[in-house]
Each structure stands twice: as C-alpha cells, then as structure tokens.
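Working notes, structure below.
One-based numbering, in listed order, for ligands and for the atoms of each.
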Amino acid sequence: MSKDTAPHGAWTSRWAFILAATGSAVGLGNIWRFPYIAGENGGGAFVLVYLVCVLLIGIPIMMAEVAIGRRGGMSPANTMRKLARQAGVSQRWSGVGYLGALTGFLILSFYSVVGGWALYYIWVMASGSLASAGDEAVRATFESLQANPGLMLLCHSIFLVATMAFIARGVNKGLEAGVRVMMPALFLLLVILAVYGVTRPGFSEAMQFLFVFDWSKFNGQSLLAAMGQAFFSLSLGMGAIMAYGAYVPKNIQDKRTGKLVPISIASTVLIVAALDVVTSLLSGVAIFPVVFSNELDPTEGAGLLFVTLPYALANMPMGALIGAMFFLLVLFAGLTSSISIGEPAVAWLVEKGNSRVKAATIIGALTWVLGVGSLLSFNVMSSVNILPGLNFFESMDYVTSNIMLPLGGLLIAIFAGWVMRETHIRKELDMKNFRLYLGWRVVLRIFVPLMMIIIFWNELFS
Ligand code: TRP
C-alpha cells in the first residue's frame, strides 16, 4: 500500500480535515461538560488554568497527534507500532494505541448516554410542554428523565446506533458536509443564547464567576480537572485526532491553483483549538447568567446544561422552536464527536481483517452494555460507588478524562518529542518558521511532560 492512500479513506481537502477535526473537538464536551466542570471547580480559577492547558499542553500534543497519524496512516495502534519500528524502539509503543482505543470505548459509553439526553430534549422543547415554565418545572423534567432508565436506554441506544452507522460507512463520508452546515448554525444559536444571557440580571455575577481568578478556589483537584477538560474537549490523548490525521493525504490539490500543496499541521491545529475554546466559553456565557439569575446551583453537576438552557429557552420568544433546534444541533455536535471517539477501536479491528460494519457492530455492542451501567447510576445504582464518592457514571468520566487521556497524551508527547527521529517529525510538521518549530519542540519535550507529571503527582499521590 502506498503511503498516500490510507486504508480507511482520505479527506478530500484541507478544509475537510479541519471540519472533521472541529467536528470531533466541538461537542458535548463544550456545551455540556465544560460548564458543569467549571461550575464544580469554582469557575474563574478553573477557566484560566483550562485555557493555559489548552495553549501549552493541548495544542502541542494535538500537533504531535496529527503528525504521528499522518506519518503512520493507520489506526493509532498500528501507526504507533509502525513508527516505533522506524525509530528502532520497542513495538510495545503500540500500547499507546490500545490504551487509546480502550479509553475511547469507555468514554463513548457515557458520552452516548448524555447524547441521548440531548436527543430527548429536542422532543421536550418541540412539544412546547416547557413553555414559560418556571425553574421548578424545568428541573422536574430533567429529574423525571433521570428516574426513567427505560427512556434513557432508548435514547442511548438511538445515539449509539447512529454513531456506529456513521463509523461503519467510513468517517470521511458525510462528515464534511454535515459539519459545514451544522457548526455555524450551532454557533449562531449559542450566540443568541449568550446574548440572552447578557440581558439577565445575573449576568455580571456570572461573568465574575467565570472570568475572575480566585486563588482561594484553586487547588490540585481543579488543576487536574482543568487539564482533563482540555484533553477531553480537544479530543486528545486517545488517538482520535491521530486516526483523523491518518486520513490526511501528504499533499492535497489546491482548489484554486490546482497545484499539490502540503497541509500545514500547525495552522490547522490552531484553527481547531480556537473554534473549540470559543464554543466552550460561549456555552459558559449562555449558561451561567441563567444560573445566577435564578439562584440555581453552579455545582449542580452533570445536569447543569439541562436545567438551565431549557429554562432560558422556555421563556424566550419562539423558545420551543429555537430550543428544539438548539438541542438538535447539540445532538449533531455530539454525533460528529462520538464518531471520532469510536474510530480508533473500529479502525484497529478493520486492520485485523474485519469489515467496517462488523467492527462497528462489535464495538457498538460492547459500548452499549457499558453505557447501561452509566444510565443506571442516575437511578437504581445512584448510591453504588466505584471510586470513593463517585458513582459509575462519575467514575468513568473521572478516570477517562483526568487520568487515561492525560496519560495517553503524556506518552504521545514523549514519543513525538524523545523517541521519534527528529527528521521524521520535523518533515511531517513542515513548519516554515524554524523558531516556532523549536518552540514547539522544547515545549513538547520539556514543559509538557514536566507539567503533567507535577499535576498528576500533586493530585494522585499527595
Ligand atoms: N471533544 C469532544 C467533545 O468535546 C469529545 C471527544 C471526541 C473526545 N473525541 C474524543 C474526548 C477523544 C476525548 C478523546 O465533546
């Protein structure tokens, strides 16, 4: 197989890759997870550290993932094996790919449950049952969903089947067009909701909560949570971006000039990260004014999105229509992300000789079963703790985001920074500005591992 033809299909243009990667990055992690984790971790301190993590840890690792993926051209497990061989080191580095596939499988199981909530809320909003509802009625709607495992199971199943159907067709089909239409629409609705937030009486309190750095609220736990959120939101540390990078051709025909041009990894990654951060902040600006205007609790937890924005929407002109559209777009954003969460595991099974349909079915079935554990932890299993003080759902979320993703990211940084031949990674990145390249390399080799080890150490062993 020639280097330029990935076995799983290829993006057709630079924009196709940017859109797919943005589709992966922007999802429930921005709209659902960012506000709730920020709320639980005291707001401003968390947000600032999160931004620093995106800039100094996330972006350098994302560049490494795309570069590794493009060079390897296969599923993360086999890409890592191939590049380890080229570097003359142990092929056990393929373990990074397996760890990633496992992490993705665990994440997808609870991601799909939350995706199911978004699906349900399309219907809730469209039905108009929340029209001019008070915050009690909005909360009751969410609580009755939580108390109904059958309904959650149905929604979880639909979300997962949809995800696997897309993966089975091949991730380069349909994603580009979908993201191109969906993303700007989602953005527009978030802006509308954020503007509505600006008009709420709790707006200035919300801004203070989100953007004023408060040392007293800052601790090792929020540091780890901020780093975890950076990984989760940028889709890093499990090979999702590596898998998408593998479908990037070395050169691509420029639409205007018809010439073959290389794709710049650095600028592509910057665009994706910027869109991702802006979406998260917009979600915060939409959600927290509702929290503070109605004396809701910022530490509400995983339900925060679903007890705030439906309330705002219910009390807006054309709220039912805008609300249904909003949750439809959240659902789409979730789907374009969940596709990338499942892809590394499926791509690996495909390379083992399975058809895409079979591979997606196997992974989907396993994920479905695990997801049942998550959805039961909102009702019958709510008092069953896996980690101390954390139920099944919370434990999955915590372990994957705060431990497994950063660990995968750390290994990827070490691999790209210390193990791969310098000429290989440099050629792949192909940065015009040599100083910037050197900066990236120093940050990846020294700063990223050091920071991450300190953060881990601080939280896990003290
Ligand atoms: N980034 C996505 C979101 O914010 C979720 C996601 C997609 C993800 N692929 C991933 C998270 C890989 C971790 C790893 O919703």
Closest approach of any protein heavy atom to [atom], naming residue and atom:
| atom | result |
| --- | --- |
| atom 14 (C) of ligand 1 | Met238 CG, 3.3 Å |
| atom 1 (N) of ligand 1 | Phe232 O, 2.8 Å |
| atom 2 (C) of ligand 1 | Ser24 O, 3.1 Å |
| atom 9 (N) of ligand 1 | Ser340 OG, 3.0 Å |
| atom 6 (C) of ligand 1 | Ser235 OG, 3.5 Å |

Salt-bridge test for Arg356 and Glu343: reply yes if a basic N is under 4.0 Å from a carboxylate O, no otherwise.
-> yes
Glu65/Arg70 salt bridge by N-O under 4.0 Å criterion | no
Taking only heavy atoms of [X] into account, list the atoms of ligand 1 that are under 4.0 Å away from them.
| X | value |
| --- | --- |
| Gly29 | 3 (C), 4 (O), 15 (O) |
| Ser233 | 1 (N), 4 (O) |
| Ala25 | 1 (N), 2 (C), 3 (C), 4 (O) |
| Leu28 | 15 (O) |
| Asn30 | 4 (O) |
| Ile107 | 13 (C) |

Keeping the roles fixed (side chain from Ser109, backbone from Leu106), state whether a donor-acceptor pair exists under 3.5 Å.
-> yes
Option among Asp397, Thr308, Thr299, Asn41 that satisfies the side-chain hydrogen bond (donor to acceptor under 3.5 Å, both in side chains) test with Tyr36 | Asp397
Are any of the N or O atoms of [X] closer than 3.5 Å to those of ligand 1?
| X | answer |
| --- | --- |
| Leu234 | no |
| Ala240 | no |
| Phe231 | no |

Going by distance alone, is a donor N or O of one side chain under 3.5 Å from an acceptor N or O of the other, for Asn219 and Ser222?
-> yes
For side-chain contact (heavy atoms from CB on, under 4.5 Å), just list the numbers for Phe326 and Leu331, CA-CA rounded to whole Å, side-chain angles, deciding distance to a tenth of an Å, and then say yes or no.
-> CA-CA 9 Å; Phe326 175 72; Leu331 176 75; over 6 Å; no
Check each of Phe393, Phe306, Phe392, Phe142 against Phe378 using the ring-ring contact (aromatic ring centres under 6.0 Å, His included) test, and report the only one that passes.
-> Phe393
Gln229 and Phe46: side-chain contact (heavy atoms from CB on, under 4.5 Å), yes or no, with the steps?
-> CA-CA 10 Å; Gln229 176 61 22; Phe46 168 90; 3.9 Å; yes
Any non-hydrogen atom of Tyr111 lying under 4.0 Å from ligand 1?
-> yes
Identify the residue among Lys82, His424, Met242 that makes a side chain to side chain contact (heavy atoms under 4.5 Å, CB included) with Ile68.
-> Met242
